[in-house]
Amino acid sequence: MRKRIALLLAVLLLTGCGSTDNNTNNPGSVSSGGTEQLGSEGNYGETENSWRASHIALENRYESVTVSGDMVYGCRQENGQTVIEYLDRESLAVKQSVPLTGSIFVQNIAADGQGNLYLYGSQNGSDKFWKLNGDGSLQALEDFVLEDTDNAGYITPSGILADDKGYIYVWYRMDLPAAEVMEGSEEYEEYGEDVEDVHMFVDRIYIMDSQFNTLFYEQIRDAMGMRLLSFQAGGEEDPLLVVQDGDDIYAQTINVEQRTLGERIRRENSAEVDSVASMRDMEHVTAMEGGFLFCQGNTLYQYRYDSREPEKLLNLSDFGIYIPDILYLGKNEETVEIIDNHGESQHSEFTRIERGQSEKTVLTLGVMFLSQELASVITEFNRYSQDLRVQVVDYWENADTYDLGVDRLKLDLVTGRAPDILAVSALDYDLLVDKGVLADLYGFMEEDTELNRDMLIPSVVKAYEMDGHLYGLAPGFQLYTMWGLKTVTGGRAGVTLEELMQILKENGKDINTIYGFTADEPALKTLCTFGMDEFVDWENKTCEFDGAYFKSVLTFVKEYKGTWPQSLEDIREGRLLMTTGIISSVASYQLQKEIYGGELGFIGYPTASGSGTAVGFRGVELGVNARSDKQQEAWQFVKYNLMNGYEGQGLPVLKEEFDRNLERAMEEDYDIDMFGTSYRMEKGSCYVGSDRIFVYAATREDVDVVKALVERAQNRYNYHTVLQNIIDEEAESYFAGQKSVDDVAKIIQSKASLYLQE
């Protein structure tokens, strides 16, 4: 079972609810805040509040920013020179620009609320700090007195922060004798002399007054299960430490006036957290009144010290925000403020997200798991769409198991509560189509001026048609096939299992000279995936798992032991005869041709009809809920995913992009090394045993082979979860020698028939 990414510092596992737009037309969905809430009976609940966002382009693109009082401060580069700019927080107009002379590069910027800025960066290869006074004068800060560093073997700055109370926080990383760091602790008592000659790293924060006199310091060791994950200071709030502590994580404030640390705030039942490792992924931890904000998994949370519970505020993707782009995150009363750099834009943007009814139409997208690639497409769409916004409903996230999530989604589909858009690759939608829950995408294309079926690769969409209709599309695809030298395959484009065995016999080989299958159950999954459409009549809801062909599949799988090439010679000298696998680019074909040392023939996986090479969507396959009252709007996002979601993985489904992809495969790629010398880059590489193969620009002949292989493909990748589970569970007794192939086939036939008739 997959473990969901845990929330929060170890104090935290998400239990709270968030804020959503009203969405009375689709009660099974959740909207703007991106928060799903399970009620007492497992139904998705609804909340009254909603969020809306406004994006404002700043005049320039900044590398680092901070916000203090009524000002925004940004650092940017102009003609190789660092420029600090002061912007009015309300109008966002630039009020002042201060160029910094002397090849200064700034990494972080802090403000003290009095108009003074503190900069950390480098000059001539050395880390340095500066103070930029309110009058625009720059003061190098070179006279820090760092207490208790006589025994430090390594000292390097990590950043500088300031707050509105007049305190400055200089963060250093250093290594110190372990005995000095641990003195008085339980660990020191336990390990005693064992740490006398050991050094360990610490993160030490010096708290200084406005004249840079050290008042005191706090430090967190980076050893023996401890680690400082985040330090935040600014505004009127107390500085905040977020620390990993063995199997837990805690938050702790610093009371500067009293020179004391606050209570270590932990979640009472930290054992519920899935893993400490996942919580290290928290980003942009920001102190706020009575708690702090943090991001994780592109979701924004707030944690309040009084309740000691995290609250999921909103999904940043709903508003076109991508966490790696964020320069600044803060919360002003009920308004979330974000400054980010998105994509190739020449301008940073200031986004205000506040409570209120969104003016955009909210579309819900149901998934079993939100992939990073789909999250990126959603973010882009939401950022630039003028009138639509897509919001995710993650069914697995809201269920104890994957299967329960699937069951919930199926129930929502048949009861009309399902989201407007569906990630259908996770569904056994062959059976759902008969219930009329998915819309024919060809119907939308007939009325669309930007996309029609003639713009798609014919063989790919044809393989996924059902009775001339198309119910799902993804931006990319790949080919599933079996290959060997043409002298072995004999010009065949497809084979049955019987014909495959004949090829092996003619070459004096057995099934274990086929490389790529793995033994038992995985091999069975593979063969059933490409033969499922032949074993099942989806329209009439009948199947044939007790016939001779399926029994021959079971027999083949039982006898196959799996094999792996130890060197190129295993293949080139014929000890391994054929390979099963994926062709996802021209380069992947080139690699296999190089490995075999000759021209290849592709015969596909064996099927009852010898259907040959199969296609499978790559990326997320989306469909439209036929019972949604926003079908045309939902189609806009499905189309957007198709036209913008291809990121170079696999081959594009769009003809024009496919042709460009093949043309680029014939172009050499070059890069420049550290000495300024241009060199040719490989298009792909792989290991066979200890031998490594490289390929470069393809020939026209290579491209034509791949193009022809795509054109001939007529079968589809069709993994059917429920049926495959039935097959795998029952076949196990045959593989173990406990039942005959006839008995197992009868049981599979019976159970599969019952399922299809449900």
Side-chain angles (χ1 to χ4, degrees), residues 63-64 66 75 82 100 102-112 116-132 138-163 166-185 187-188 191 194-234 239-245 252-254 256 259-261 280 285:
E63 297 174 351
S64 60
T66 192
C75 171
T82 298
L100 305 182
S103 301
I104 294 174
F105 296 93
V106 175
Q107 294 184 37
N108 89 275
I109 181 171
D112 64 7
N116 302 308
L117 301 181
Y118 302 87
L119 314 175
Y120 163 58
S122 62
Q123 186 178 36
N124 300 323
S126 299
D127 292 326
K128 293 187 176 181
F129 296 101
W130 296 269
K131 179 183 179 183
L132 183 58
L138 186 66
Q139 172 187 355
L141 304 177
E142 299 176 338
D143 300 323
F144 287 158
V145 177
L146 302 182
E147 298 180 358
D148 300 333
T149 58
D150 292 342
N151 297 321
Y154 168 92
I155 304 176
T156 187
S158 295
I160 189 167
L161 297 93
D163 63 23
Y167 298 111
I168 302 161
Y169 309 87
V170 186
W171 182 356
Y172 281 89
R173 186 167 175 81
M174 59 184 72
D175 77 326
L176 296 167
E180 180 180 320
V181 176
M182 298 170 61
E183 186 175 3
S185 68
E187 289 91 343
Y188 185 74
Y191 294 104
D194 294 338
V195 299
E196 289 298 328
D197 297 324
V198 176
H199 275 230
M200 64 174 54
F201 281 103
V202 301
D203 287 285
R204 180 178 288 181
I205 298 158
Y206 287 90
I207 295 92
M208 301 179 175
D209 62 19
S210 60
Q211 302 304 310
F212 305 102
N213 298 308
T214 297
L215 303 176
F216 64 103
Y217 64 79
E218 296 291 349
Q219 69 184 23
I220 303 295
R221 67 181 185 229
D222 189 357
M224 304 181 75
M226 292 197 70
R227 179 187 176 200
L228 178 62
L229 300 180
S230 176
F231 172 68
Q232 290 292 321
L240 173 70
L241 300 165
V242 179
V243 181
Q244 178 185 328
D245 175 18
Q252 190 171 33
T253 57
I254 302 175
V256 178
R259 302 189 182 187
T260 59
L261 290 172
R280 295 175 187 168
V285 179

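Just the heavy atoms: all of them, side chains too, but no hydrogens, waters or symmetry mates, feed the values below.
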Review point. Could you state the interatomic distance from CG (L146) to OH (Y172), rounded to the nearest 0.5 Å?
Key: 4.5 Å
Review point. Can a cation-pi geometry be assigned to R173 and Y154, taking NZ or CZ under 6.0 Å from the six-membered ring centre and within 45° of the ring axis?
Key: no
Review point. Can you tell me how far CG of L161 sits from CG of D112, rounded to the nearest 0.5 angstrom?
Key: 12.0 Å
Practice item. With sequence neighbours excluded, tell me which residues meet side chain to side chain contact (heavy atoms under 4.5 Å, CB included) with F216. Key: I207, E218, I254, V256, R259
Practice item. For the pair L176 and Q219, evaluate side-chain contact (heavy atoms from CB on, under 4.5 Å) and give the outcome as yes or no after the intermediate values. Key: CA-CA 11 Å; L176 296 167; Q219 69 184 23; 4.1 Å; yes
Practice item. Please confirm whether the backbone N or O of I109 pairs with a side-chain atom of S64, one donor and one acceptor, at under 3.5 Å? Key: no
Check your understanding: What do the steps show when you test I205 against L228 for side-chain contact (heavy atoms from CB on, under 4.5 Å), and what is the final call?
Key -> CA-CA 11 Å; I205 298 158; L228 178 62; 4.3 Å; yes
Review point. Who are the ring-ring contact (aromatic ring centres under 6.0 Å, His included) partners of Y167, not counting sequence neighbours?
Key: none
Study note, to complete from the structure: Here the gap from Q232 atom CD to D163 atom CG, rounded to the nearest 0.5 Å, amounts to 12.5 Å
Point to revise | For Y217, ring-ring contact (aromatic ring centres under 6.0 Å, His included) partners two or more places apart | key: Y206
Check your understanding: Any donor and acceptor pair, going by atom type alone, linking the side chain of N108 with main-chain N or O of I160 inside 3.5 Å?
Key -> yes
Point to revise | Inter-residue atom distance L119.CG - K131.NZ, 0.5 Å rounding | key: 11.5 Å
